[in-house]
Amino acid sequence: MARTRTQFICQNCGAAHQRWAGKCDACGEWNTLVEEGTAGGIGSGPQSLKSARKGRAVALTSLSGEIEDAPRIVSGIGELDRATGGGFVRGSALLVGGDPGIGKSTLLTQAAAALARKGHRVVYVSGEEAVAQIRLRAQRLGAADSSVELAAETNVEDILATLADGKRPDLVILDSIQTLWTDLADSAPGTVTQVRASAQAMIRYAKSTGAAIVLVGHVTKDGQIAGPRVVEHMVDAVLYFEGEGGHHYRILRTIKNRFGPTDEIGVFEMSDKGLRDVANPSELFLGERSGKAPGAAVFAGMEGTRPVLVEIQALVAPSPLGTPRRSIVGWDGPRLSMVLAVLESHCGVRFATHDVYLNVAGGYRITEPAADLAVAAALVSSLTGLALPADSVYFGEISLSGAIRPVAHAAQRLKEAEKLGFRQAVMPASSGELATATSIPSFQPEHLADLVARIAGSKRRSDDD
Ligand code: TYD
Ligand code: MG
């Protein structure tokens with residue numbers, strides 16, 4: 001007789017425990033263990049050796065061979081295609097994660113409508129909203145006239161039976177993976193076992209039929225896709241949809257992609273008619289620049305293959321506190337401490353009695369070390385009260401010795417800056433080939449102290465005038 005075993009599964013990391021405990025040994029989270037039955041569950045492995053069936057031989061095949069359709073389905077929404085690396089890949093599974101209300105359903109409804117208009121069969125399965133709600137959204141987005149097929153359903157077996165009916169769909173959207181449940185696992189929807197088993201069934205469907213599937217995933221408060229990390233390992237690509245409260249733009253960031261680059265971003269703007277492509281993000285991030293105030297420096301950054309210019313704002317103010325405040329939005333805390341330490345010990349600039357606030361304009365988040373030089377310039381400018389030239393861009397990495405180190409894609413950064421009307425650049429000393437790339441004159445300090453001297457010297461220069 002089959003024995004029904006129960007296990008306690010951590011809802012954060014998916015680790016299985018024999019008995020309940022307050023804290024998961026594997027990931028250290030509290031109160032995440034939930035009792036789940038494992039009899040017949042997909043994730044539970046062979047039940048016993050006695051019932052193990054004899055294996056069936058699968059046909060081996062060669063690497064070369066016929067591939068029927070174009071491997072990618074291009075949506076025509078430029079920023080989405082950029083983030084996926086050139087369109088949805090047939091037979092693959094894509095996971096789209098993001099905070100509630102960020103616009104995941106909106107984006108996918110728009111993508112579904114765009115693809116349906118191009119003659120693809122698109123099925124949108126929603127487990128969260130009723131058909132009427134989805135129709136209302138589609139009307140608002142001007143997508144109601146497209147031939148997207150809609151269902152409100154959460155059972156995986158029912159969904160698979162529905163999809164098997166009629167022509168094979170090109171794209172299936174499942175909104176969201178946390179609402180799906182399969183008969184094969186007997187725990188509640190939303191638990192790790194269910195999410196994993198449902199995702200596995202849908203991915204198997206994609207691989208065997210060649211349809212592309214998109215899974216929508218919720219994000220927990222600490223920014224991970226809720227439920228098991230294993231889903232991220234199972235799918236072919238993971239995209240995160242992010243945005244800052246109070247800002248209208250959204251960024252679709254590639255975290256994992258088996259078929260393309262992982263450092264791409266797509267930028268969108270949320271309007272009353274849905275999401276709109278932002279083909280030139282620099283204009284968005286530089287939009288509200290005031291120009292002549294001290295403490296602002298424009299950083300010429302890169303996101304994947306695309307240059308993005310953003311303003312970095314610093315405020316350095318005398319501190320009444322014994323331990324002055326360091327407050328950062330959009331950049332790395334340890335990195336700021338490093339730049340401050342280099343300025344103190346190698347350039348003679350003192351911040352010890354000052355509060356430092358650093359903000360990347362527009363709620364944008366910078367991950368590149370190339371921003372060091374722009375941050376240092378903004379800090380020195382704020383401390384001295386001397387505004388930096390409004391038509392200058394900055395990029396370069398600072399080493400612990402204060403030396404300015406070269407960064408990749410210098411030519412592309414300069415070209416973008418020139419296009420947006422910047423007339424000078426402060427950048428690492430580089431090879432001669434750059435000179436031909438643009439006509440912008442550049443100042444190329446070898447040491448951070450040279451830049452500090454130049455900013456301090458700008459007062460003398462303007463006094464002389
Ligand atoms: P939604 O796609 O439902 O978010 P998610 O699926 O990620 O939870 O987006 C909901 C938000 O988007 C909501 O706050 C309203 C806003 N929105 C617009 O601003 N304009 C629009 O045209 C639509 C459809 C939504
Ligand atoms: Mg939604």
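In listed order, ligands and their atoms are each counted from 1. What you see below is based on every heavy atom in this structure, not just the backbone, and it leaves out hydrogens, waters and symmetry mates. Everything numeric here is computed off the predicted structure, so don't read it as measured data.
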Any side-chain donor paired with an acceptor under 3.5 Å for [X] and [Y]?
X    : Y    : answer
E128 : S176 : yes
E416 : S282 : yes
Y364 : E303 : yes
D175 : S105 : yes
S198 : W181 : no

If I take every N, O or S atom of T106, is at least one of them less than 2.8 Å from the Mg ion (ligand 2)?
no
Looking at [Y], is its backbone amide N or carbonyl O close enough to the side chain of [X] to form a donor-acceptor pair, meaning the two atoms are under 3.5 Å apart?
X    : Y    : answer
E157 : D183 : yes
E311 : A361 : no
T254 : K256 : no

Which residue and heavy atom of the protein sit nearest [atom], plus the separation:
atom                    : answer
atom 16 (C) of ligand 1 : M270 CE, 3.8 Å
atom 15 (C) of ligand 1 : R140 NH2, 4.8 Å
atom 7 (O) of ligand 1  : K104 N, 2.8 Å
atom 1 (P) of ligand 1  : T106 OG1, 3.6 Å
atom 3 (O) of ligand 1  : R137 NH2, 3.0 Å

Any nitrogen or oxygen of S271, main chain or side chain, under 3.5 Å from a nitrogen or oxygen of ligand 1?
yes
Does the N or O separation between G274 and ligand 1 drop below 3.5 Å for any pair?
yes
Validate the cation-pi geometry between R413 and F395: distance from NZ or CZ to the six-membered ring centre under 6.0 Å, angle to the ring axis within 45°.
yes
Strictly less than 4.0 Å: does any protein heavy-atom distance to atom 18 (C) of ligand 1 fall in that range?
yes
Quick check: do H409 and L414 have side-chain heavy atoms less than 4.5 Å from each other?
no
Just which atoms of ligand 1 are under 4.0 Å from any heavy atom in P100?
8 (O)
Please identify which atoms of ligand 1 are closer than 4.0 Å to at least one heavy atom of L141.
22 (O), 24 (C)
Side chain, backbone, both or neither: which applies to D272 and ligand 1 if a contact is any heavy-atom pair less than 4.0 Å apart?
backbone
Does ligand 1 have a heavy atom under 4.0 Å from the side chain of S105, from its backbone, from both, or from neither?
both
Closest to atom 14 (O) of ligand 1 among G101, A143, G103 (heavy-atom distance)
G101
S176 to ligand 1, any heavy atom closer than 4.0 Å
no
